[in-house]
There are 2 protein chains.
Amino acid sequence: MAEPTLTSNCLECSENGHACLKNLATDQLKIVDKARTEVTFKKGEILFKQGAFASQIMFIRKGLVKIYLENTSRDLILKIVPEGNYLGLSSLFGKNVFHYTAAAYEPTSVCMIERETFNQMILENATFGAEIIKTLNDETIQSYDRLYSLTRKQLHGRLADILLCLANTIYKNDKFKIPISRKDLADLTSMATESVIRILKDFRNEGILSLSGKTLEIHDKDRLQKISRIG
Amino acid sequence: MAEPTLTSNCLECSENGHACLKNLATDQLKIVDKARTEVTFKKGEILFKQGAFASQIMFIRKGLVKIYLENTSRDLILKIVPEGNYLGLSSLFGKNVFHYTAAAYEPTSVCMIERETFNQMILENATFGAEIIKTLNDETIQSYDRLYSLTRKQLHGRLADILLCLANTIYKNDKFKIPISRKDLADLTSMATESVIRILKDFRNEGILSLSGKTLEIHDKDRLQKISRIG
DNA sequence: GAGAAAAATTGATCCGGATCAGTTATTCAT
DNA sequence: ATGAATAACTGATCCGGATCAATTTTTCTC
C-alpha cells in the first residue's frame with residue numbers, strides 16, 4: 001500500500017505564511033504535523049460525504065472544491081471553495097458528522113488533520129480559536145449575501161452574482177476556465193439548467209462576456225455588477 | 001437620567017445555569033459583570049441597526065427578536081431569536097459593525113456586554129471560545145436548512161417550516177400567540193403577503209390549524225410535517 | 001477513432017405565485 | 001368613542017421561469 005505523498009510539513013507551511021495554523025506555536029505545529037496526512041483527489045472525486053463521521057478537518061492546499069447538500073430530488077451547492085480554505089469546520093465541537101458533501105472540481109490536494117488534535121489546539125491556544133471564530137464569521141456573513149441573492153434576485157441577477165464571485169474571489173481574473181457544468185451553475189443559483197444556458201446566451205449577445213470552450217471571459221464587468229444590483 | 005434596571009449580576013446568572021458565560025471562571029464573571037448593562041426594549045423597538053458599530057454583544061434575557069437585512073426594496077428576515085441566545089456574535093473578531101438589524105417583537109430585555117471585554121474573555125479562556133464556536137456552528141447548520149427551505153420548497157412547504165419552527169423551537173407548544181405580522185411571515189418565507197394569507201387559509205380549511213385573533217393552534221402536526229417534507 | 005454516454009442547446013408550453021386593485025377588519029391616537 | 005392609519009383579506013390578471021421534448025455537441029470508453 002503506497003503512502004500518500006507528503007510534500008511538506010506544518011512548520012514549513014506555517015513559515016511560508018499559509019493561512020492554516022496561523023497563531024500556533026512551534027510545539028503545537030509539531031503535534032499537528034504528526035496528526036496530519038496529505039491526500040490528493042482526482043477531478044470529480046468525493047472528499048467526504050454528508051452524514052459521514054467528521055474525523056478530520058481538511059485544508060485545501062491546491063484545487064477547487066464544491067460543498068453541497070445532497071437530496072433525493074436535487075443538490076443544493078452551498079459554496080465553491082478554492083485553495084487556502086478549511087473544509088469541515090462546521091463539525092467542530094458539535095455533532096461529529098459532516099453536514100454536507102464535498103467534491104473536487106479539479107485535481108485537488110488537501111491536508112487532513114485529526115479532528116481531536118485540531119480541537120485540542122483550539123482549547124490550548126485561544127488566539128488560534130479566535131482566528132477560527134473570525135473565519136466562521138466571515139463565512140456566515142458571506143452566506144447572508146448568498147441568501148439574499150437566491151431569495152430576492154431574479155435569474156439574471158443570481159447568475160451575475162456567481163460569475164462575479166468566480167472572477168473576483170475564486171480566480172481573481174476576468175478570464176478563466178470554468179470547470180463548473182451548466183447543471184452545477186443551476187444548482188448554485190437554484191434555477192433550471194436551461195435557464196442558465198439561456199441567460200449565458202443573453203450575456204453573450206449583449207457583449208457582457210464571451211465563451212470559447214470552457215474558457216469564459218468577462219468583458220463588461222460594470223454591466224454585470226449593475227445586473228447584480230438591480231436583481 | 002435614570003439608570004437601567006439591573007435585575008441580577010453575571011455571577012448569579014451563571015450559578016443559575018444560564019447559557020451565557022458558561023465556562024467562565026469567577027474572576028472573569030466579575031470582569032464581565034462590570035462591562036455589562038441591562039436594557040429593556042418595547043415591542044417594535046430596534047435593538048441595533050445594520051451598519052452601526054458593534055460595540056457590544058447582547059444576550060436576550062427575556063423576549064423575542066427578529067434579525068433582518070434591510071434593503072431599499074424589501075427586508076429579508078434572517079432569523080427569529082428567542083430568549084437565551086446571543087445577538088451580534090457574527091461581529092466578533094471581524095469588521096466592528098452589525099451585519100443586520102435587530103428589532104423586538106415583544107417587550108425584550110437584553111444584557112449588553114462590551115465587545116472588547118467579550119473578545120478578551122475568549123482570548124483568556126479557550127473553553128469559552130470553544131463554546132462560542134459550537135454556538136456559531138449550530139447557527140450555520142440551521143442556516144443550511146433555511147437556505148434549502150427557501151430555495152427548494154414551494155410556498156406551502158416554506159410556511160409549514162416556519163410554523164413548525166415557531167411551535168417546536170421558539171414556543172415549544174402547539175398553541176401560541178404569534179406576534180409576527182403576515183408581512184413579516186412573508187419576509188421570513190420570501191413570499192408575497194397575500195400568499196401567506198391564502199396559505200394560512202388553506203391550512204385552516206384543511207383543519208391543520210386554527211386561528212383566533214393572534215392565537216394560533218396547530219391541530220395536525222403530522223400533516224404539517226408532511227407538507228414540509230414534500231415541499 | 002468509433003460508438004456510447006453525458007452535457008449543452010433550442011423552442012414550445014404551462015403553471016406557481018407575484019402583482020394589482022380593491023374591501024373589510026384591527027389597532028392606534030386624540 | 002371616533003376618525004385615521006395600519007393590517008388582513010379577496011378576486012382577477014399577468015409573467016418569470018420551470019418543465020417538456022427534441023437535437024446537437026462534447027466527452028468519455030474500449
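Below, chains carry the letters A, B, ... as their sequence lines are ordered, and counting in each starts from 1. As the structure is a computational prediction, the values presented were derived from the model and not from experiment. All values below were derived from every heavy atom in this structure, side-chain atoms included, with hydrogens, water molecules and symmetry-related copies excluded.
Atom-to-atom, CG of A/Asp202 to C1' of C/dA8 comes out at 16 Å; the value is rounded to the nearest Å. Between B/Lys183 atom NZ and C/dT27 atom C1' there is a gap of 18 Å when expressed in whole angstrom units. If you take CD1 of B/Ile180 and C1' of D/dA7, they are 15 Å apart, rounded to a whole angstrom. In this structure, the CZ atom of A/Arg198 is 9 Å from the C1' atom of D/dA18, given to the nearest Å. Taking atom CD1 of residue A/Ile199 and atom P of nucleotide C/dA8, one finds them 15 Å apart after rounding to whole Å. Between the P atom of C/dA7 and the CG atom of A/Asp184 lies a distance of 9 Å, rounded to the nearest Å. At whole-Å resolution of the value, CG in B/Leu211 and C1' in C/dT26 are 15 Å apart. Rounded to whole Å, the distance from CG on B/Asp187 to C1' on D/dA7 is 14 Å.
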Ring pair (Phe, Tyr, Trp, His ring centres under 6.0 Å) between B/Phe118 and B/Tyr86: does it pass, once the steps are laid out? CA-CA 12 Å; B/Phe118 201 90; B/Tyr86 285 109; 5.5 Å; yes

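Looking at B/Glu139 and B/Lys79, a side-chain N of the basic residue comes within less than 4.0 Å of a carboxylate O on the acidic one, giving a salt bridge. Look at A/Glu83 and A/Lys62 and you find a salt bridge, because one of the NZ, NE, NH1 or NH2 atoms lies within 4.0 Å of a carboxylate O, short of that distance. Ion pairing of A/Lys49 with A/Glu70 is present here, as a side-chain N (NZ or NE/NH1/NH2) and a carboxylate O approach within less than 4.0 Å. With respect to A/Asp222 and A/Lys226, no salt bridge is recorded, no charged nitrogen being found less than 4.0 Å from a carboxylate O. Contact check on A/Arg158 versus A/Asp161 returns no salt bridge, with no Lys/Arg side-chain nitrogen under 4.0 Å from an Asp/Glu carboxylate oxygen. Using a cutoff of 4.0 Å between basic side-chain nitrogens and carboxylate oxygens, B/Arg198 and B/Asp202 are not scored as salt-bridged. The pair B/Arg36-B/Glu38 meets the salt-bridge criterion, since a charged nitrogen lies less than 4.0 angstrom from a carboxylate oxygen.
Closest to the A/Ile197 side chain, of the nucleotides D/dT19, C/dT9, C/dA18, is C/dT9.
Looking at A/Asp174 and A/Leu209, their side chains never come closer than 4.5 Å, going by heavy atoms from C-beta outward. You'll find the side chain of A/Leu92 reaches within 4.5 Å of the side chain of A/Leu89, heavy atoms only.
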Taking N or O atoms only and anything under 3.5 Å, show me the protein contacts with nucleotides 21-28 of chain D, one pair per line.
none

N/O to N/O distances under 3.5 Å, protein versus nucleotides 22-24 of chain C:
none

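Within the 4.0 Å cut-off from OP1 or OP2 of C/dA7, not a single side-chain nitrogen or oxygen of A/Ser181 is found. Close to D/dT10, at under 4.0 Å from its OP1 or OP2, lies a side-chain N or O of B/Lys201.
Looking at B/Arg152 and A/Asn71, their side chains never bring a donor and an acceptor atom within 3.5 Å of each other.
Within residues 145-163 of chain B, the residues that place at least one heavy atom under 4.0 Å from DNA chain C are, in residue-number order, B/Gln154, B/Leu155.
For a distance-only test at 3.5 Å, the side chain of A/Arg182 fails to qualify as a donor-acceptor partner of the base of C/dT10. No donor-acceptor contact under 3.5 Å links the side chain of A/Arg74 to the base of D/dT19.
Ring-plane geometry between B/Phe48 and B/Phe98 is classed as parallel, the angle between the planes falling under 30 degrees on a 0 to 90 degree scale with a further cut at 60.
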